[in-house]
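Reminder, nothing fancy here: chain letters follow the sequence lines and each chain counts from 1. Note that the structure is a prediction, hence the values are computed from the model and not measured.
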There are 2 protein chains.
Amino acid sequence: MNSPGGPERTGFLLSQLGSFAAARFAELVKPLGLTPAMAGALRILARSPGLSQRALADRLGAVPSRVVVLVDALEAAGFVSRTRDPEDRRHHRLDLTDAGRAAMGRLRGAAEQQNADLLAPLDAEERAALGTLVSRLAVAHGIDPDVHRGFADHPESR
Amino acid sequence: MNSPGGPERTGFLLSQLGSFAAARFAELVKPLGLTPAMAGALRILARSPGLSQRALADRLGAVPSRVVVLVDALEAAGFVSRTRDPEDRRHHRLDLTDAGRAAMGRLRGAAEQQNADLLAPLDAEERAALGTLVSRLAVAHGIDPDVHRGFADHPESR
DNA sequence: TATTGTTATACTCTATAACTATA
DNA sequence: TATAGTTATAGAGTATAACAATA
């Protein structure tokens, strides 16, 4: 009773499509000197200046040692600065540099581009319908917009 | 003019949701003794008995050395048999064992389960609508149902 | 003692390149 | 020479555990 492209294949196709979308995003941010993981961290720091590495780790759902590497990369790229917090010298305040803010702007452009590329085959009405459904699913499954998930981000998948 | 959950976030949410779906699938096939990569290879071999490793590599979009590891795992699990092709002794014929066929049955069940879990928040009509849209996008973007994509499957993303 | 951040180490996944055997 | 498969090796990504500085 189900067609070959019917709803029973949706989960599978969604996996594939999600991976495709993520790959396209990675491609678009690469020229900006960013990996998807760096982009995710940058987005959080843009909204929460002065965050500690520990707090960033919690937001990302990552371990502190992972954040060291991530912040190392962002600092080396000149997008983020580490400053010892004078109040509690154990903390590092993380802030976007001017270059980091500029990168954020280009990052938003890349996200728009990815979205446009992905949805190009659909008309406005269909995009709206898909957006609503996808958003409903994301909310229902408790998907946190801060965590830029990769396959490897799921401990239970190993 | 766009709502906060509007279409401009769809690409991002689709990445997240796809990753979520893939993680759920990995979780479901783990008790079967399969990784997602093994499951993908098993599905191809179920439809194409006697395939050579080279042909499997082409279907998977993987390099031959990767397929060695994959087939090693499937053989060790008792799901696939390697037989030297008497016609051309350079080739290995790959075939599902009885246990492999049994695993395929359970694999189909896992895929149905994943789909049901993922789409649980939607009613029948919404599922159908989502299925149609997702299927349209997959076709338009040339997504090959044989290739079980992971982030790492995209050379251009590095 | 507890917490923040770092380093050392190891493990998984996958690719490239060199190699073996067959043709 | 060319092809199928294998092995050796290396790199990326990320986790765990030990550690240093600070509280």
Check: residues 94-104 of chain B side-chain donor-acceptor pairs under 3.5 Å, at least two apart:
unit_1	atom_1	unit_2	atom_2	d
B/Asp95	OD1	B/Gly50	N	3.1
B/Thr97	OG1	B/Gly78	O	2.5
B/Thr97	OG1	B/Phe79	O	3.4
B/Thr97	OG1	B/Ala99	N	3.4
B/Thr97	OG1	B/Gly100	N	3.0
B/Asp98	OD1	B/Arg101	NH2	2.8
B/Arg101	NH1	B/Leu96	O	3.1

### Query
So, is A/His91 close to the D/dA23 phosphate, meaning a side-chain N or O under 4.0 Å from OP1 or OP2?
no

### Message
Taking only side-chain N and O atoms of B/Gln53, does any of them lie within less than 4.0 angstrom of OP1 or OP2 on D/dT6?
### Response
yes

#### Entry: Any side-chain heavy-atom pair of B/Phe25 and B/Asn115 under 4.5 Å
no

### Task
Please examine the side chains of B/Arg24 and B/Leu118, heavy atoms only from C-beta on, and report whether any two atoms are closer than 4.5 Å.
no

### Task
Heavy atoms only: give me the nearest B/Met38-B/Ala77 pair and the separation to one decimal.
CE-CB, 4.4 Å

### Message
Output the rounded distance in Å from CG (A/Asp88) to C1' (D/dT22).
### Response
7 Å

### Message
Just the rounded figure in Å: distance from P of C/dT14 to CG of B/Leu60.
### Response
11 Å

### Query
Between A/Arg84 and B/Arg89, which is nearer to the 5' end of DNA chain C once each is assigned its nearest nucleotide?
A/Arg84

### Query
When you measure from every atom of DNA chain C, which of residues 62-76 of chain B have a heavy atom less than 4.0 Å away?
B/Val63, B/Ser65, B/Arg66

### Task
Kindly state each residue pair satisfying salt bridge (charged side-chain N to carboxylate O under 4.0 Å, His left out) with at least one member in residues 67-85 of chain A, sequence neighbours excluded.
A/Asp72-A/Arg82, A/Glu75-A/Arg82

#### Entry: Short side-chain donor-acceptor distance under 3.5 Å, B/Arg59 and B/Ser48
yes

### Task
Just call it for A/Arg82: base, sugar-phosphate, or nothing, with non-hydrogen atoms closer than 4.0 Å on any strand.
sugar-phosphate

